Amino acid sequence: MPEPQGPMIVGEPSSGARADDDLLRGLNPPQRDAVTYRGQALLIVAGAGSGKTSVLTRRIASLLRNREAWPSQILAITFTNKAAGEMRERVQQLVGDSAQSMWISTFHSACVRILRREAQQFGFTKSFTIYDSGDSRALIKRLVKEHEADAFGLTPASVQGRISKLKNELADAESFARQANMSDPAERLFAEIFADYQRALQKANAFDFDDLIAQTVYLFRAFPHVADVYRRRFRHVLVDEYQDTNHAQYALIHELTRPVVGDAEPYAAGGMMIFEASEAPELEGASLTVVGDSDQSIYAFRGADIRNITEFERDFPGAKVVLLEQNYRSTQNILSAANAVIGHNFDRKDKKLWTDVGDGDPIIGFTGYSQHDEAQFVADEVEALRRKGVDYAQMAVFYRTNSQSRALEEILIRSAVPYKIMGGTKFYDRAEIKDALAYLVAVTNPADELAVRRILNKPRRGIGDVTETTIARYAADEGITFRDALANASALGVGPKIQHAISHLDAVLAEATEIMLPSSGEVAPPAAVTEGLTLLLNKSGYLDALRISKDPQDEARVENLDELVAVTREFARNNPEGTILDFLTEVALVSDADDLDDASGSVSLMTMHTAKGLEYDAVFVTGVEEDLIPHRISAGEPGGPQEERRLFYVALTRARKRLYLSLAMTRAQFGEVSVAMPSRFLQEIPHELIDWRQSPGDVNSRGGSRSRALNARRPGGGFGGSGGGGAGGSGGGRYGDDLVPLPRREKPVGSIEKFANRIPAKVRDNSDLELAPGDRIRHDDFGDGRVDMVTGEGAKRVAHVRFDSAGAKKLLIKIAPISKL
DNA sequence: GCCTACGGTTTTTTT
DNA sequence: AACCGTAGGC
């Protein structure tokens, strides 16, 4: 990491309270301020790459070293588990093992921890399930159907989105119903579904992602004595990526940093708590440190409120603000491009990143004819960098939408480039994994009807819709849970075969329960999760069904389940005290993107959103096209284009040394090929910063129908590795009307640079340049040469030039970087 | 109840 | 191109 790193102090701060001098070493003045300031509220405005993690970890270390805080009094919140893990590790390097007792976690994990402890205060049990968005969608889908709401234009997706938004604003079904226009049937229906959804969650003893935050806030507000426990405990609250907090998260922070007013009698049953204004607080609020950068706010779509950071000073009067503008990550070229792009957002505090490491390499641009062509460019450059000694792990490829990864993967596989997709289709999203987890949930949280229904007929047991409904009705009539109804199969009035199937499932679940949650009350051994899961998968017949199946994919499913079993073993090893609940919590909240370490040796592929907070020596930003970045859907939304620009800015600023921007002229979407336009953001970058290997102009000027020439040379399955080859080698001349041909991309043998063709996109305009055969010209890259002839008309005039050293080339006069001598 | 075929729909980003 | 839901045959 290029961040300033003082000498590491490893191990215990053995010699008692120590000055924090060593923590400040290598920091610039504002960074020092940020570490040493002591007060109620501190806002660190940290531009990309300005060393904020260093500052945050040293600030924590300094609090501990100076004995201003115990580890247990510190709560540090990040957005991803990965960021949390990284922070913990770095704090540990500074202060040693005492880092273990700090809460360094995401909003969601911290809330789960609190909720598991306090759930019984308000009608949940500690075994509650966490519904991911797929689970909640399944539930909402059922409700939408029940209410026949699709007739009013309510789709599961729109309902889910709205509910999520409302929860992020701390609105519940009741408060929504109060202010909604109930004369509109669609609104009324939505309000009913919202209320039903919430009831269903409560009944299932489950929280969705948004509830984890919102319900914690409710808990604190409804039970001040509970909140006080945490207020007393956490004396220093630090929040990273503050610009991406939503209202609920903001409220949570507020609740946590409130002064402790007094020893209100606990469990004041129904009584009002009255706090007299004159009464001095028993304990002042915890100190709050937030770190953020409004230019990197990219989560407005899920409720992040940029005002949380822009109005921090108003929210916390007397707050100190520290500005970090010096960048320790990227070269000046990269920063200049990023500054130029973000500068197009009006309505922002001007802030310019700078560095003293020098300009560095130019940004490389490339326009492919198709997404595969573009991908091939990426693969070739990756290999070229590798040969120059750059590790695969130090390269990353970004894209706007997950669907773009397909073409990249195809080509990378073909080119034998090792890669890893970060946070793509998640392991835990696979159907068989979700089934297995549903089995576990059915055991730990029998109230979770959704989970029990999910496994009811997996594997096939002959239990269909009709039987499922019968069970549900029986449960409702008897006033028991769906799960308990399974124990009375004989009372359901179904056929003997089905009866037997249900009883068998019930028995298997009961047996697993005995293993993982022994009725004797003793604590289950660490291996219980593994043992229980294995039992469930085997005795339920789930694995057998997959093994017998003829579907070739089912083999892979068995392997995935084996891996899940391995995960439980690993979990038991790492968490000797870990229970089945801890395991389920972890898999619900930990995403694949979090395990960064085993990306070693591979190129990382990820969306631009996932890229936030990461950095790489070389970064490829792909699909820099209109309708992709900025994405078409965001164009119409207020603030959409600006958020997209910030997203692009985030992508650019991930690069340390080399930045590649690429796009494709055509892109297959919906199975159809459509023509793509260069992104407007491309033109916001000063053109002298980009060195185009192949510019949009090059590709455009060939006239529509020839663009498959390149692909035609690349047969689908079978070019051997024999590389190089083919037509590409010797430049100019042989390509009919084609302009400077693309170099062969499969296995570049020689220097790619010799094919370089710098034509800035849409910036240069040589329309007025008159050239005639015999004229001497100078080209930015190819040097001097003589014009052989000029063909074409108007904007499409092409000069055929014989360069003194670079050979024959065809150049589109309008945009070629040439001048007459 | 299960399987297959067909047609409509789809792709924004994530804890 | 891939996924989902429905319809119709078994």
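Order of the sequence lines fixes the chain letters, A, B, ..., with proteins taken first and strands second; residue numbering starts at 1 for each chain. Just so we're clear, the structure is a prediction, and the values are computed from it rather than from any experiment.
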Are OP1 or OP2 of [N] and a side-chain N or O of [X] less than 4.0 angstrom apart?
| X | N | answer |
| --- | --- | --- |
| S133(A) | dT15(B) | no |
| N402(A) | dT11(B) | no |
| N457(A) | dC2(B) | yes |

Testing the 3.5 Å rule here: is there a donor-acceptor pair between the side chains of N308(A) and Y242(A)?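 Their side chains do not contain a donor-acceptor pair, so the 3.5 Å distance test is not met.
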Residue pair T106(A) / S109(A), side-chain donor-acceptor N/O under 3.5 Å: yes
Would you please classify the geometry between the Y299(A) ring and the F79(A) ring as parallel, tilted or perpendicular, with 30° and 60° separating the classes?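 Because their plane-to-plane angle is under 30°, the rings of F79(A) and Y299(A) count as parallel.
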What's [X] touching, base or sugar-phosphate or nothing? Going by heavy atoms closer than 4.0 Å.
| X | answer |
| --- | --- |
| F79(A) | sugar-phosphate |
| R460(A) | sugar-phosphate |
| I298(A) | nothing |
| K141(A) | sugar-phosphate |
| D132(A) | nothing |
| T467(A) | sugar-phosphate |

Check whether the side chain of S403(A) and the base of dT11(B) form a donor-acceptor pair under 3.5 Å.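 Side chain to base: pair found, below 3.5 Å.
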At less than 3.5 Å, do the side-chain atoms of H108(A) and the base atoms of dT15(B) form a donor-acceptor pair? yes
I'd like to know whether the aromatic ring centres of F220(A) and Y230(A) sit less than 6.0 Å apart in this structure.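 Yes - the distance between ring centres of F220(A) and Y230(A) falls below the 6.0 Å cut-off.
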Say we look at dT11(B) and dT6(C): how far apart would their C1' atoms be, to the nearest angstrom?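 23 Å, rounded to whole Å.
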Whole-Å distance separating the NZ atom of K458(A) from the C1' atom of dC2(B): 14 Å
Mapping E644(A) and Q249(A) to their closest nucleotides on DNA chain B, which lands nearer the 5' end?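 Its nearest nucleotide lies further toward 5', so the answer is E644(A).
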Does the R116(A) side chain pair with the main chain of K126(A), one donor and one acceptor, at a distance under 3.5 Å?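 Yes: the side chain of R116(A) pairs with the backbone of K126(A).
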Looking at dT10(B) and F670(A): do their rings stack (centroid distance under 5.5 Å, interplanar angle under 30°)? no
